[in-house]
*Asks:* 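Before anything else, here's the structure in question.
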Amino acid sequence: MLHIHNTLTRKKETFVPIVPGKVRMYVCGMTVYDYCHLGHARVMVVFDVVARWLRVSGFHLIYVRNITDIDDKIIRRAGENGESIRALTDRFVAAMHEDADALGVMRPDYEPRATEYVGQMQSLIDRLHQKGLAYVAENHDVCYSVRKFEGYGKLSGKSVDELRAGERVEVAGEKHDPLDFVLWKHARVGEPEEVKWDSPWGVGRPGWHIECSAMSSDLLGDHFDIHGGGQDLQFPHHENEIAQSEGAHGHTFVNYWMHNGFVRVDDEKMSKSLGNFFTIRDVLKRYDAEVVRFFILRAHYRSPLNYSDAHLEDARQSLTRMYTALRNVAAEDVPVDWSEAHAVRFRAAMDDDFNTAEAVAVLFELANEANRNCSAAMAAQLKGLGGVLGLLGRDPAAFLQGGVGGESGDIDAAVIEALIEQRAQAKRAKNYPDADRIRAELLAQGVVLEDTPQGTIWRRA
RNA sequence: GGCGCGAUGGCAGAGUGGUUAUGCAGCGGCCUGCAAAGCCGUGUACAUCGGUUCGAUUCCGGUUCGCGCCUCCA
């Protein structure tokens, strides 16, 4: 029985889908004006695993992850670059896909782009307007009247009055209340034609929050099961989505809200504004993508995750242990045996709010079992369960000998093989000083040799 | 200021009212020409002060420290 920590109640709840056997999930994706950083990697990987687990658990899942391709920063960046919005966003959508693919993130079923849903957004805004929840401000922006929506703040645990008390942002005077947010932004002077749409309230473009309400209801309906995203979206973005969707439709929007923790650097949130972010592609120059994925998955999704070279290195060593087990013991080519003890524990861990840290621990125990008894069955379980997390899918030798970054990655495999042969000759001649010298030379270049009954094998340190 | 989260062994990181997390690193042993890999063994870890309890790292309260949201942000 799957349990999910629901941000709405701050408790773990038994997961019961609205329609038996079916799950509809929406995750807030990227605003595409720059390369994705590790924080984005975490959202993609975490919800990729959520999606995989739901499917493994037998649910028919529809997974939507949106793309925000219209927003202030996009407009500004396109202007700076002297390129069109579309050219800019297309470029970064492609880059995002490259990064996601590298990390083993499966494509969601739908990746709607905001600009393709402006019509639906307008209908929704119109509906809110009709219901008296939205108003046209002096400056012709259409705003949501937060105080008219009962229950505003239920997701973030804030009350409207507390928010007001803590108000420390100067607000455009056009809003009736500082908390109100923009649904439709009238066109500003100097904005390119590309960001202008006709609407009943004049030429303009949608506010940020409305896109998710519009796209989710269009693709998943007015009421669906899971809505996810990074912790920083809890307020105001998701709070506003609730106000929009429940305000417009008059019933519950989402049953389970999930928020993943931040990636940190030196115990501070990694973010664009702090400038302390590492892009996925930069990290992938130095670390294998699977190591990065493993690094993300070895912690629980709601915990903070500290990024550092030392931690990535630690993750690399750990993953090496599992691949070494799979190299030592060839896995049987069979599907996961879910009745086997480790698989039972793996399932229990994953059913407990996607506890991948615990699930990974089970993987290590399987590695130990496989090694100890030279058990092809245990190796198969290891490979199979690893696969559920999107790990351990490669040929072990490819992982162990793959030279991603590192100080050493350059020495050619053919050169290594040649030196190994030289050393083998020295060994046959009992010329151990020479054999050891060759081994030391290779080690200095980051190559570790292992003598086995079947001959000498190598891996990158 | 308001609201919320957290504090676990050298590092990372789960979890539990009383019994081994797990991984990396370290140490000892087996194996090995020597290594490596693997296996076996090994560490009086649960911020602090009180309370509840037969018993608390685990529950409750205070304190300290850290972090996050309240503004664009995954």
Side-chain angles (χ1 to χ4, degrees), chain A residues 7 10 27-31 36-47 65 68 71-73 153 156-159 161-171 179 208 228-237 239 259-264 267-274 277 294-295 298-300 302-306 308 310-322 324-325 327-329 345 349 352 355-365 367-368 370-374 400 427 430-433 435-436 439-440 443 448-453 456-459 461:
Chain A
T7 309
R10 278 174 211 80
V27 172
C28 286
M30 261 49 74
T31 300
C36 293
H37 63 228
L38 238 33
H40 301 115
R42 191 173 192 191
V43 188
M44 292 195 283
V45 168
V46 160
F47 286 99
R65 189 185 64 212
T68 299
D71 123 296
D72 288 350
K73 283 184 295 246
S156 50
K158 300 174 190 306
S159 79
D161 294 312
E162 278 165 1
L163 283 164
R164 218 173 150 69
E167 178 65 50
R168 61 180 169 84
V169 198
E170 93 230 43
V171 199
L179 292 177
W208 174 37
Q231 224 166 42
D232 43 4
L233 296 184
Q234 190 178 330
F235 188 90
H237 184 54
E239 197 71 73
H259 293 95
N260 65 273
F262 298 130
V263 175
R264 297 178 177 182
D267 285 320
E268 269 193 326
K269 175 184 174 183
M270 178 182 290
S271 75
K272 294 264 173 81
S273 35
L274 287 172
F277 62 89
F294 174 77
F295 167 68
R298 99 223 268 220
H300 186 88
R302 284 189 280 111
S303 303
L305 181 62
N306 255 312
S308 76
H311 296 162
L312 264 294
E313 187 51 39
D314 183 288
R316 195 176 73 87
Q317 294 296 354
S318 300
L319 192 57
T320 295
R321 171 164 168 82
M322 291 200 275
T324 302
R327 182 204 62 190
N328 293 349
V329 184
R345 286 179 47 215
D352 182 16
N355 191 341
T356 53
E358 180 73 31
V360 163
V362 174
L363 259 31
F364 282 112
E365 289 174 28
N368 180 257
N371 277 324
R372 181 170 27 190
N373 304 317
C374 198
L400 295 169
K427 277 184 67 177
K430 298 267 196 272
N431 181 355
Y432 294 121
D436 292 350
R439 186 170 62 194
L443 184 61
V448 177
L449 299 190
E450 298 176 22
D451 293 332
T452 76
T456 300
I457 54 177
W458 64 277
R459 66 184 167 88

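Letters go in sequence order (proteins before strands), and every chain restarts at 1.
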*Asks:* Is the shortest heavy-atom distance from the side chain of A/F47 to the side chain of A/R65 under 4.5 Å?
*Replies:*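 No; the side chains remain at least 4.5 Å from each other.
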
*Asks:* Just to be sure I understand the rule, does A/T324 reach a base, reach only the sugar-phosphate, or reach nothing, if contact means heavy atoms closer than 4.0 Å?
*Replies:*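 Result for A/T324 = sugar-phosphate.
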
*Asks:* Pick base, sugar-phosphate or nothing for A/D314, based on heavy-atom distances below 4.0 Å to the nucleic acid.
*Replies:*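 Answer is base: heavy atoms of A/D314 come under 4.0 Å of a base.
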
*Asks:* Between A/R372 and B/rC40, does any side-chain N or O lie under 4.0 Å from OP1 or OP2?
*Replies:*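 Yes, because at least one side-chain N or O of A/R372 sits under 4.0 Å from OP1 or OP2 of B/rC40.
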
*Asks:* Once you apply a heavy-atom cut-off of 4.0 Å, does A/G230 come out as touching a base, just sugar-phosphate, or nothing?
*Replies:*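 Sugar-phosphate only.
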
*Asks:* Determine which nucleotide pairs with B/rA45, using a 3.5 Å limit on both distances of a Watson-Crick or G-U wobble pair.
*Replies:*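 Per the H-bond distance test, none.
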
*Asks:* Under a 4.5 Å cut-off applied to non-hydrogen side-chain atoms, are A/R42 and A/L305 in contact?
*Replies:*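 A/R42 vs A/L305: side chains touch.
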
*Asks:* Using the C1' atom as the point on both nucleotides, what is the distance between B/rC46 and B/rU16, in whole Å?
*Replies:*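 Their C1' atoms lie roughly 11 Å apart.
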
*Asks:* Measure CZ/A/F364 against P/B/rC24 and give the value in whole Å, please.
*Replies:*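 These atoms are roughly 6 Å apart.
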
*Asks:* Any side-chain heavy atom of A/M270 within less than 4.5 Å of one from A/F262?
*Replies:*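 Side chain of A/M270 against side chain of A/F262, heavy atoms only: no contact under 4.5 Å found.
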
*Asks:* Do the side chains of A/D71 and A/W208 get nearer than 4.5 Å, heavy atoms only?
*Replies:*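 Not touching, per the 4.5 Å side-chain cut-off.
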
*Asks:* So what does A/K430 hit on the nucleic acid, given a heavy-atom distance under 4.0 Å: a base, only sugar-phosphate, or nothing?
*Replies:*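 If one applies the 4.0 Å heavy-atom cut-off, A/K430 turns out to touch nothing in the nucleic acid.
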
*Asks:* Please give the distance between the C1' atoms of B/rA25 and B/rC60 as a whole number of Å.
*Replies:*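 Each nucleotide's C1' atom is 38 Å from the other's.
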
*Asks:* Counting Watson-Crick and G-U wobble pairs only, both distances under 3.5 Å, name the nucleotide matched with B/rC67, or none.
*Replies:*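 Its partner is B/rG4.
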
*Asks:* Do A/K158 side-chain and B/rC69 base share a donor-acceptor contact under 3.5 Å?
*Replies:*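 Side chain to base: pair present.
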
*Asks:* With respect to the phosphate group of B/rA37, does any side-chain polar atom (N or O) of A/R321 fall under 4.0 Å of OP1 or OP2?
*Replies:*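 Result: no.
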
*Asks:* So that I can tick it off, tell me whether A/E365 and A/R345 are bridged by a salt bridge, with the cut-off set at under 4.0 angstrom between side-chain N and carboxylate O.
*Replies:*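 Result for this pair is yes, salt bridge flagged.
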
*Asks:* Take atom CG of A/N260 and atom P of B/rC69, then tell me their distance rounded to the nearest Å.
*Replies:*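 About 13 Å, once rounded to whole Å.
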
*Asks:* Between B/rG68, B/rC72, B/rC11, spot the one nearest the side chain of A/H311, thanks.
*Replies:*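 The answer is B/rC11, which lies nearest to the side chain.
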
*Asks:* Could you measure between the two P atoms, the one in B/rG55 and the one in B/rG18, and give it in whole Å?
*Replies:*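 Pairwise P distance, B/rG55 against B/rG18, rounds to 14 Å.
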
*Asks:* Starting at the 5' end of RNA chain B and moving along, which residue's nearest nucleotide shows up first, A/T452 or A/H300?
*Replies:*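 Residue closer to the 5' terminus by nearest nucleotide: A/H300.
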
*Asks:* Which part of the nucleic acid, if any, lies within contact of A/V263, taking any heavy atom under 4.0 Å across all strands shown: a base, the sugar-phosphate backbone alone, or nothing?
*Replies:*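 Answer is base: heavy atoms of A/V263 come under 4.0 Å of a base.
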
*Asks:* If you take all heavy atoms of A/V448 and A/A461, which pair is closest and at what distance?
*Replies:*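 Shortest heavy-atom contact: CG2-CB, 3.8 Å.
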
*Asks:* Kindly point out which of B/rA74, B/rA14, B/rG38 is positioned nearest to the side chain of A/T31?
*Replies:*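 Closest nucleotide among those given: B/rA74.
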
*Asks:* Write down the partner of B/rA37 under the Watson-Crick or G-U wobble criteria, each distance required to be under 3.5 Å.
*Replies:*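 Result: none.
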
*Asks:* Taking the C1' atom of each, how far is B/rU71 from B/rU22, in whole Å?
*Replies:*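 Per the computed distance, 40 Å lies between those C1' atoms.
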
*Asks:* What's the CG-P distance between A/D352 and B/rU22, to the nearest Å?
*Replies:*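 After rounding, the gap between these two atoms is 18 Å.
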
*Asks:* Indicate, with a heavy-atom threshold strictly under 4.0 Å, whether A/G29 touches base, sugar-phosphate, or nothing.
*Replies:*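 Result for A/G29 = sugar-phosphate.
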
*Asks:* Regarding B/rG15, can its base be found pairing with the side chain of A/N355 as donor and acceptor, where the two atoms are less than 3.5 Å apart?
*Replies:*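 No such pair is found, so the answer is no.
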
*Asks:* Return the pairing partner of B/rC24 with a 3.5 Å limit on both distances, Watson-Crick or G-U wobble; otherwise return none.
*Replies:*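 Check on B/rC24: paired to B/rG10, both distances under 3.5 Å.
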
*Asks:* Could you tell me the separation between the CG atom of A/L38 and the C1' atom of B/rC73, rounded to a whole number of Å?
*Replies:*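 Nearest whole value for this atom pair: 15 Å.
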
*Asks:* May I ask you to say what A/D72 touches in the nucleic acid, namely base, sugar-phosphate or nothing, with a heavy-atom cut-off under 4.0 Å?
*Replies:*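 It contacts nothing in the nucleic acid.
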
*Asks:* For atom P, what is the distance between B/rC31 and B/rA47, given to the nearest Å?
*Replies:*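 Approximately 43 Å lies between the P atom of B/rC31 and that of B/rA47.
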
*Asks:* If only side-chain N and O atoms of A/N368 are considered, is one of them under 4.0 Å from the OP1 or OP2 phosphate oxygen of B/rC39?
*Replies:*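 So the side chain of A/N368 is within the cut-off, an N or O lying under 4.0 Å from OP1 or OP2 of B/rC39.
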
*Asks:* Rounded at 0.5 Å granularity, tell me how far CG in A/D314 sits from CZ in A/R298.
*Replies:*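 Taking CG in A/D314 and CZ in A/R298, the distance rounds to 4.5 Å.
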
*Asks:* When the P atoms of B/rU53 and B/rC69 are compared, how many Å lie between them, rounded to an integer?
*Replies:*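 Those two atoms are separated by 41 Å.
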
*Asks:* Contact class for A/E365 vs. all strands (heavy atom < 4.0 Å): base, sugar-phosphate, or nothing?
*Replies:*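 Touches sugar-phosphate only.
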
*Asks:* For a quick test of reading the model: is some side-chain N or O of A/N306 closer than 4.0 Å to OP1 or OP2 of B/rA12?
*Replies:*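 Result: no.
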
*Asks:* Expressed as a whole number of Å, how far does the P atom of B/rU42 sit from that of B/rG23?
*Replies:*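 Each nucleotide's P atom is 14 Å from the other's.
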
*Asks:* So A/L233, base contact, sugar-phosphate only, or nothing? Heavy-atom distance under 4.0 Å.
*Replies:*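 The residue A/L233 makes sugar-phosphate contact but no base contact.
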
*Asks:* Roughly, in whole Å, what's the span from CE in A/M270 to C1' in B/rA74?
*Replies:*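 After rounding, the reported distance stands at 11 Å.
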
*Asks:* With both distances under 3.5 angstrom, what nucleotide forms a Watson-Crick or G-U wobble pair with B/rC59?
*Replies:*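 Across all strands, the one nucleotide that pairs with B/rC59 is B/rG51.
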
*Asks:* With rounding to the nearest 0.5 angstrom, report the CD to OG distance, A/E313 to A/S318.
*Replies:*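 Interatomic distance, A/E313 CD to A/S318 OG, rounded to 0.5 Å: 10.0 Å.
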
*Asks:* Taking CH2 from A/W208 and P from B/rU71, how many angstroms apart are they, rounded to a whole number?
*Replies:*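 Value for this atom pair: 13 Å.
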
*Asks:* When all nucleic acid strands are considered with a 4.0 Å heavy-atom cut-off, which category describes A/H37: base, sugar-phosphate, or nothing?
*Replies:*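 Answer is base: heavy atoms of A/H37 come under 4.0 Å of a base.
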
*Asks:* Which nucleotide, B/rC72, B/rA21, B/rA36, lies nearest any side-chain atom of A/A361?
*Replies:*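 Given the options B/rC72, B/rA21, B/rA36, the side chain of A/A361 is closest to B/rA21.
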
*Asks:* Which nucleotide in the list B/rC70, B/rC67, B/rG4 gets nearest to the side chain of A/P236?
*Replies:*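 That would be B/rC70.
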
*Asks:* Can you identify which nucleotide, out of B/rC69, B/rG13, B/rA37, has its nearest atom closest to the A/F262 side chain?
*Replies:*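 Among B/rC69, B/rG13, B/rA37, the one nearest the side chain of A/F262 is B/rC69.
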
*Asks:* Looking at A/R459, does any N or O in its side chain come under 4.0 Å of the phosphate oxygens OP1/OP2 on B/rA37?
*Replies:*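 For B/rA37, OP1/OP2 do have a side-chain N/O of A/R459 under 4.0 Å.
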
*Asks:* Find out whether A/H259 and A/V46 are in side-chain contact, i.e. whether some heavy atom of one side chain is under 4.5 Å from a heavy atom of the other.
*Replies:*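 With C-beta onward as the side chain, the pair stays apart.
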
*Asks:* For the P atoms, the ones on B/rA74 and on B/rC65, what distance do you get once it is rounded to whole angstrom?
*Replies:*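 Here B/rA74 and B/rC65 have their P atoms 32 Å from each other.
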
*Asks:* Do A/D451 and B/rC31 have a side chain to base donor-acceptor pair shorter than 3.5 Å?
*Replies:*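 By the distance-only test, no, there is no pair.
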
*Asks:* Find the distance A/F294:CZ to B/rA14:C1' and express it as a whole number of Å.
*Replies:*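 About 13 Å, once rounded to whole Å.
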
*Asks:* Distance check: side-chain N/O of A/K427 vs OP1/OP2 of B/rC34, anything under 4.0 Å?
*Replies:*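 For B/rC34, OP1/OP2 do not have a side-chain N/O of A/K427 under 4.0 Å.
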
*Asks:* Kindly indicate whether the side chain of A/K269 and the base of B/rC73 share any N or O donor-acceptor pair separated by less than 3.5 Å?
*Replies:*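 Such a pair is found, so the answer is yes.
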
*Asks:* NA contact type, A/R42, heavy-atom cut-off 4.0 Å: base, sugar-phosphate, or nothing?
*Replies:*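 Nothing, no nucleic acid heavy atom in range.
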
*Asks:* Round to the nearest Å and state the distance from A/L319 atom CG to B/rA25 atom P.
*Replies:*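 Between P of B/rA25 and CG of A/L319: 13 Å.
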
*Asks:* For B/rA14 and A/S303 - does any side-chain N or O of the residue sit under 4.0 Å from the phosphate oxygens OP1/OP2?
*Replies:*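 Indeed, a polar side-chain atom of A/S303 lies that close.
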
*Asks:* Quiz question: going by heavy-atom distance under 3.5 Å, is there a donor-acceptor pair between the base of B/rG33 and the side chain of A/D436?
*Replies:*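 It does, because a donor-acceptor pair links the side chain of A/D436 to the base of B/rG33 below 3.5 Å.
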
